[in-house]
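Remarks on the structure that follows.
Numbering of ligands and ligand atoms starts at 1, following listing order. Just the heavy atoms: all of them, side chains too, but no hydrogens, waters or symmetry mates, feed the values below.
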Amino acid sequence: MSLKLLTIFFFLNLLFQSQETSSQSTNFTYNGFAPLPADISLQGITTVTRNGLLLLTNFTVQKTGHAFLTKPIRFKDSPNGSAFSFSTTFVFAIHSQIPILSGHGIAFTIAPQPSLPDATASQYIGLFNISNNGNDTNHVFAVELDTIRSTEFNDTDDNHVGIDINSLKSEKAAHAGWWDERGEFKNLSLISRKPMQVWVDYDGLSHKIDVTMAPFNENKPRKVLVSAVKDLSTVLLQDMYVGFSSATGSVLSEHYILGWSLGVNTNAPSLSLSRLPKLPRFVPRTISDFFKIGMPLISLFLIFCVIFLVCFIVRRRKKFAEEHEEWEKEFGKNRFRFKDLYYATKGFKEKDLLGSGGFGSVYKGVMPGTKLEIAVKKVSHESKQGMKQFVAEIVSIGRMSHRNLVPLLGYCRRKGELLLVYDFMPNGSLDRYLYNKPEVTLNWKQRINVIVGVASGLFYLHEEWEQVVIHRDVKASNVLLDGELNGRLGDFGLARLYDHGSDPQTTHVVGTLGYLAPEHTRTGRATTATDVFAFGAFLLEVGCGRRPIEVQHETDETFVLVDWVFGLWNKGNILDAVDPNMGSEYDQKEVEMVLKLGLLCSHPDPRARPSMRQVLQYLRGDAKLPDISPLDLSGSGMMLGVQDGFSELGMSYSSSVFKGFTGGSSIADSLLSGGR
Ligand SMILES: Nc1ncnc2c1ncn2[C@@H]1O[C@H](COP(=O)(O)OP(=O)(O)O)[C@@H](O)[C@H]1O
Ligand SMILES: *[C@@H]1O[C@H](CO)[C@@H](O)[C@H](O)[C@H]1NC(C)=O
Ligand SMILES: *[C@@H]1O[C@H](CO)[C@@H](O)[C@H](O)[C@H]1NC(C)=O
Ligand SMILES: *[C@@H]1O[C@H](CO)[C@@H](O)[C@H](O)[C@H]1NC(C)=O
Ligand SMILES: *[C@@H]1O[C@H](CO)[C@@H](O)[C@H](O)[C@H]1NC(C)=O
Ligand SMILES: *[C@@H]1O[C@H](CO)[C@@H](O)[C@H](O)[C@H]1NC(C)=O
Ligand SMILES: *[C@@H]1O[C@H](CO)[C@@H](O)[C@H](O)[C@H]1NC(C)=O
Ligand SMILES: *[C@@H]1O[C@H](CO)[C@@H](O)[C@H](O)[C@H]1NC(C)=O
């Protein structure tokens, strides 16, 4: 009888169970969450990304996020019944801003309501709060993926999987990992940013709760990770809500669910892993920020840099622009770069201006590389006419090396500008020591040394160089003194630049008034004899310490040095003309000879002037100056005074100077204004 009863009961039970199984079986699957299913409600900071990832928490600290199915799931056939078997599987990923630290975790949740509004963030993972944690009236079942060790809940580490019933103190927990086919345990890092799959299975009969996990794309391991035996009948109500809970702590972390399925009284349908949405490429925050904010800023900065650089280069190009022409190639090694000259003279500063002459300004400079001291003469020159010939001449002059010539190192050409580079002469030009009561002056020995030097320099130009070079502008201010006070002729050839053109009528005579030979101004042709004439004026200048032509401002009278010296000589006291600054220590004969030679060189008739060879012989004492008297000079009929009908010899010289110019009044003007 008892057996019969037992059998009936057994069959009834069987029938009941099969009925229950067939009637109560439910399942669902989400292979991604796009578009957001209508029966899923999101709470807190949970969102669904455009490609269908369930983002439980974004990068916000101390916040909870929930996703619950809005439809209840029946877990028991009556409030007092026993809980059904169920199984669920899901794929998750955790991405932290800091690769080695994350927080707090994800929990698969079965709760009595489709929300947990009073649950708190951080270690409570959005499941409980401080007052209800551990209270059996919660009726919450959860499987936590905890990434922080909370000692108050007896957590063993910061990377564990736990079975939670009404409390965050897990029934059972294990270090995250999986058992592979060969039965080896492999650790998994929850915060590795890699997707991983979790399976939760509850057997309603044996009350066994199994949690298994594996890396994405691995089959469900046969050996479970953590297992507990607990009858969930008292925990689960008849109708429950399933979903996920997540919370962030102080570390910015993203908790993702990629796909999810659940079955009650049946196996959870398998996820089709290939259809799950793809995780964003996780780039460390610093780098992603760099690309998001930094890149535009950097590109903007770069654009500004490029614009600035271009402007800078263009300005620099313009600033250092030079003129090059085909024919200049052969003179390449005599050519200086403007940039170098610019830096050598520190930008042609007023401070380094040595002086300005008729042709341009002269600046002192130091070559950056060689530390060689240079003098750069800037000549403004608009026309290109004659430039080639001139440059060729300059280069040829550059090859000259004579101790009484200022070495010309090279040139540079820019638009409207020619730059000539000379050796720097530390003692400046001779005129500084002669006129207007100079602070320093030269004694006769030094003066005769300079005179002989200049004479031999000019002789070299006239006769010793491979071709005849006419200086065209011999004068005291073009004689420079080197370190040993030797006279050196400078500026040669420059006048030539302004002296092209073959028509004497239109020829623009260049030279300095008072040094210009009368026939030069008449014909416009410079010859060695015109140089000798200028040298004569120079001799008188050095001997007398006066300019060839001086304008007395008070009386408006013009003082002509040659006439004055000639007059004194005529009266028999030529030595009265000697520069009083020179002192009295000098060889009277020598001084007299020099003054007479000066007058001889100033002879209006070029044929009567000695050549530089003769001049040098007289100066060196190799030849004796012909014994000339004032009468010889005037009586020779070569004085212009005779031609011009002036009886007074003195006037003859000055008028000869005047006569040469076309348009006398303008000459007088230029003379009076002190110009050339
Ligand atoms: N090579 C040089 N070394 C030193 N000073 C120089 C040099 N060349 C010219 N100078 C200075 O520059 C001034 C002007 O020179 P320059 O233009 O040749 O005058 P000018 O045309 O009147 O002869 C000179 O008086 C001289 O003091
Ligand atoms: C899931 O439910 C559907 C009906 O909704 C059913 O056809 C299917 O067989 C179920 N799958 C499982 C694994 O029970
Ligand atoms: C996180 O999500 C919430 C809710 O959608 C939103 O208000 C917040 O701006 C998000 N924060 C970040 C950092 O994305
Ligand atoms: C369920 O159990 C409670 C006590 O555990 C009891 O009071 C109640 O009557 C039972 N309900 C049913 C329908 O069995
Ligand atoms: C904890 O949650 C319960 C509801 O589950 C709520 O009644 C209680 O006020 C909450 N306590 C705190 C401190 O938030
Ligand atoms: C559990 O919660 C219920 C209702 O919220 C409350 O009445 C009870 O006192 C709580 N028990 C404990 C141990 O806190
Ligand atoms: C927590 O751990 C401590 C010691 O590790 C142990 O004594 C205590 O019983 C544990 N509590 C729970 C609820 O597991
Ligand atoms: C897995 O992690 C635990 C705790 O970090 C460690 O003790 C163990 O050695 C690791 N095992 C392997 C196989 O890496």
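Distances between N or O atoms of Asn138 and those of ligand 5 include no value under 3.5 Å. Considering backbone and side-chain N/O of Met425, one or more are found under 3.5 Å from N/O of ligand 1.
Of the listed residues (Asn129, Asn135, Thr137, Asn133), the one carrying the non-hydrogen atom nearest atom 11 (N) of ligand 5 is Asn129. In this comparison of Ser429, Gly360, Ala375, Gly428, the heavy atom closest to atom 25 (O) of ligand 1 sits on Ser429.
When each atom of ligand 5 is checked for a heavy atom of Ser131 under 4.0 Å away, the hits are 1 (C), 10 (C), 11 (N), 12 (C), 13 (C). For ligand 1, the atoms lying closer than 4.0 Å to a non-hydrogen atom of Asn478 are 18 (O), 20 (P), 23 (O). Proximity to Phe424 (heavy-atom distance under 4.0 Å) selects the following atoms of ligand 1: 3 (N), 4 (C). Within ligand 3, counting atoms from 1 as listed, the ones closer than 4.0 Å to a heavy atom of Thr60 are 1 (C), 11 (N). Residue Thr47 approaches ligand 3 through these ligand atoms, each under 4.0 Å from one of its heavy atoms: 5 (O).
The residue Lys364 has no part lying near ligand 1, judged by heavy-atom distances below 4.0 Å. Only the side chain of Lys377 comes within contact range of ligand 1, with a heavy atom under 4.0 Å; no backbone atom does. Within the 4.0 Å heavy-atom criterion, the part of Tyr422 lying near ligand 1 is the side chain and not the backbone. Contact annotation: for Asp473 versus ligand 1, there are no heavy atoms closer than 4.0 Å.
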Pair His255-Thr57, side-chain hydrogen bond (donor to acceptor under 3.5 Å, both in side chains): steps then yes or no:
CA-CA 5 Å; His255 296 99; Thr57 72; 2.8 Å; yes
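Scanning the protein for heavy atoms near atom 5 (O) of ligand 5, the closest one is Asn132 ND2, 2.9 Å. For atom 12 (C) of ligand 3, the closest heavy atom belonging to the protein is Asn58 ND2, 3.3 Å. In terms of protein heavy atoms, atom 13 (C) of ligand 3 is closest to Phe59 O, 3.3 Å. If you check which protein heavy atom lies closest to atom 4 (C) of ligand 5, you get Asp118 OD2, 3.5 Å.
If you check the side chains of Ser429 and Arg488, you find no donor sitting under 3.5 Å from an acceptor. Gln123 and Glu152 share a donor-acceptor pair across their side chains, judged by distance under 3.5 Å alone. Checking Thr70 against Asp39 by side-chain atom types alone, no donor-acceptor pair falls below 3.5 Å. Side-chain N/O atoms of His462 and Asp531 include a donor and acceptor closer than 3.5 Å. Ser456 and Asn404 are linked by a side-chain donor-acceptor pair at a separation below 3.5 angstrom, with hydrogens and angles left out of the test.
At least one protein heavy atom sits closer than 4.0 Å to atom 2 (O) of ligand 3.
Using a 4.5 Å heavy-atom cutoff, the side chains of Thr46 and Leu54 are in contact.
Relative orientation of the Tyr124 and Phe153 rings is perpendicular, given thresholds of 30° and 60° on the angle between their planes.
Using a 4.0 angstrom heavy-atom cutoff, Gly490 does not count as in contact with ligand 1.
Considering Phe424, Phe348, Tyr422 as possible partners of Tyr363, the one that fulfils the ring-ring contact (aromatic ring centres under 6.0 Å, His included) test is Phe348. Considering Phe244, Phe33, Tyr256 in turn, Phe244 is the only one that fulfils the ring-ring contact (aromatic ring centres under 6.0 Å, His included) rule with Phe90.
Taken from SG in Cys412 to CZ in Arg335, the straight-line distance is 5.0 Å, to the nearest 0.5 Å.
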